Participant: 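The structure is given below, and queries will be raised subsequently.
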Amino acid sequence: METRIRDVVSSLEINVDDVRMIGIKGMGGIGKTTLARAVFDQISFQFEGKSFVENVREESKPFLSGLKSLQKQVLSDILNDQGVTVSGVLDGKNKIKKTMRARKVLIVLDDVDNTNQLEALAGDPNWFKSGSRIIITSRDEQVLVAHRVSLIYNVNLLSDTEAICLFSRYAFGKEIPVQGYKELSEEVVEYAAGLPLTATVLGSLLCGQDESEWKDAIKRLQTIPLKATMEKLELSFDGLEDDHKEIFLDVACILKGWGKEDAIRVLESLGFRATYGLKVLEQKSQYNL
Ligand SMILES: Nc1ncnc2c1ncn2[C@@H]1O[C@H](COP(=O)(O)OP(=O)(O)O)[C@@H](O)[C@H]1O
Ligand SMILES: [Mg+2]
């Protein structure tokens, strides 16, 4: 994590007096938002205005009003004024241009999936004052390329050591497995397939469980190899919204047999809208808990 933060911060070249848009790309659950947030927290004090716009993909959905309220959010953050009004997307663009030209800003646009969103929020480098930096995270490299971001940072899967560390933090509250759980942890982490999301879900689930429950979980995980399931999901569940895909992935691969209440509790503690997601999946008859 520290290395990732350092890499992104150095590629931003904050001391260079131009405008940069850089991208962070990677699949859902790989840690884009976490990385962008860490970078933002570390460097935002060096800017005259800052805004972290989370979840652009979901928030911009009610198409026009969604984009408009994201524009309002950026303006309010940068101006530190909740009274900003935006009458439409075009008005929003004009106001953003005018505002950004006057101050050096740091903006994160998190989880963007369409160039419309970028057009509305950070249409062109010449909207911004020199020294400004815009960080855009996306699952879709094409969106970043189409917007001509100058550099794309690719978030990689965790190494085995990193995955054990992260898993252990959630399972045991420290970075290495407690005595007697080393081999079991290694076995479980294999099924996390290098994804921080799955490492944290599995760690949370197994936290406080006894050895027999761990063995039981491993047995269930063996029946549905996560890597294969992930590949299958790419092929057959394209019709599902991404967040539902993620939930489905967790539920199908990891939580099978844990009981609906527990599954929902864990998913929601990790920030998913699980109750809703599971309902959609049930309606589509793709999963029955
Ligand atoms: N480097 C990390 N250290 C600790 N937890 C992480 C790390 N990266 C991701 N996570 C956890 O993994 C989950 C998914 O990460 P997130 O940043 O939301 O992924 P993405 O935005 O790519 O979908 C979150 O629960 C987050 O807390
Ligand atoms: Mg994210």
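For ligands, and for the atoms within them, numbers begin at 1 and follow the listed sequence. Just so you know, these numbers come straight off a predicted model, no measurement behind them.
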Participant: Decide, yes or no, whether a salt bridge links Lys25 with Asp140 under the criterion of side-chain N to carboxylate O below 4.0 Å.
Facilitator: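 No, this pair does not count.
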
Participant: Please identify which atoms of ligand 1 are closer than 4.0 Å to at least one heavy atom of Gly31.
Facilitator: 8 (N), 9 (C), 15 (O), 16 (P), 17 (O), 19 (O), 20 (P), 22 (O)

Participant: For Ile78 and Lys50, which heavy atoms make the closest approach, and how far apart are they?
Facilitator: CD1-N, 3.6 Å

Participant: From the Mg ion (ligand 2), how many protein N/O/S atoms are found at a distance short of 2.8 Å?
Facilitator: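 Of the protein's nitrogen, oxygen and sulfur atoms, 1 lie under 2.8 Å from the Mg ion (ligand 2).
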
Participant: Out of Pro196, Ala38, Cys165, Gly26, whose heavy atom sits nearest atom 8 (N) of ligand 1?
Facilitator: Pro196

Participant: Would you check, one step at a time, whether the test salt bridge (charged side-chain N to carboxylate O under 4.0 Å, His left out) holds for Asp18 with Arg133?
Facilitator: CA-CA 9 Å; Asp18 59 2; Arg133 296 291 181 267; 3.4 Å; yes

Participant: Which pairs, with at least one residue in residues 16-43 and sequence neighbours excluded, count as a ring pair (Phe, Tyr, Trp, His ring centres under 6.0 Å)?
Facilitator: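 Ring pair (Phe, Tyr, Trp, His ring centres under 6.0 Å) check on residues 16-43 returns Phe40-Phe52.
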
Participant: Heavy atoms only, cut-off 4.0 Å: how does Leu166 contact ligand 1, side chain, backbone, both, or neither?
Facilitator: side chain

Participant: Between Lys72 and Asp77, is there a salt bridge with N-O shorter than 4.0 Å?
Facilitator: no

Participant: Between Cys207 and Tyr170, is there a side-chain heavy-atom distance shorter than 4.5 Å?
Facilitator: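 In short, these two side chains do not touch, never coming nearer than 4.5 Å.
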
Participant: Nearest non-hydrogen atom to atom 24 (C) of ligand 1 belongs to which of Ile24, Thr34, Asp110, Thr33?
Facilitator: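 Heavy atom nearest to atom 24 (C) of ligand 1 belongs to Thr34.
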
Participant: Just grab all the salt bridge (charged side-chain N to carboxylate O under 4.0 Å, His left out) pairs involving residues 165-185, residues at least two apart or on different chains.
Facilitator: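 Residue pairs passing salt bridge (charged side-chain N to carboxylate O under 4.0 Å, His left out), neighbours aside: Arg169-Glu175, Lys182-Glu186.
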
Participant: If you measure every N or O of Lys32 against every N or O of ligand 1, does any of those distances drop under 3.5 Å?
Facilitator: yes

Participant: Which pairs pass salt bridge (charged side-chain N to carboxylate O under 4.0 Å, His left out) with one or both residues in residues 83-92, sequence neighbours excluded?
Facilitator: Asp91-Lys95

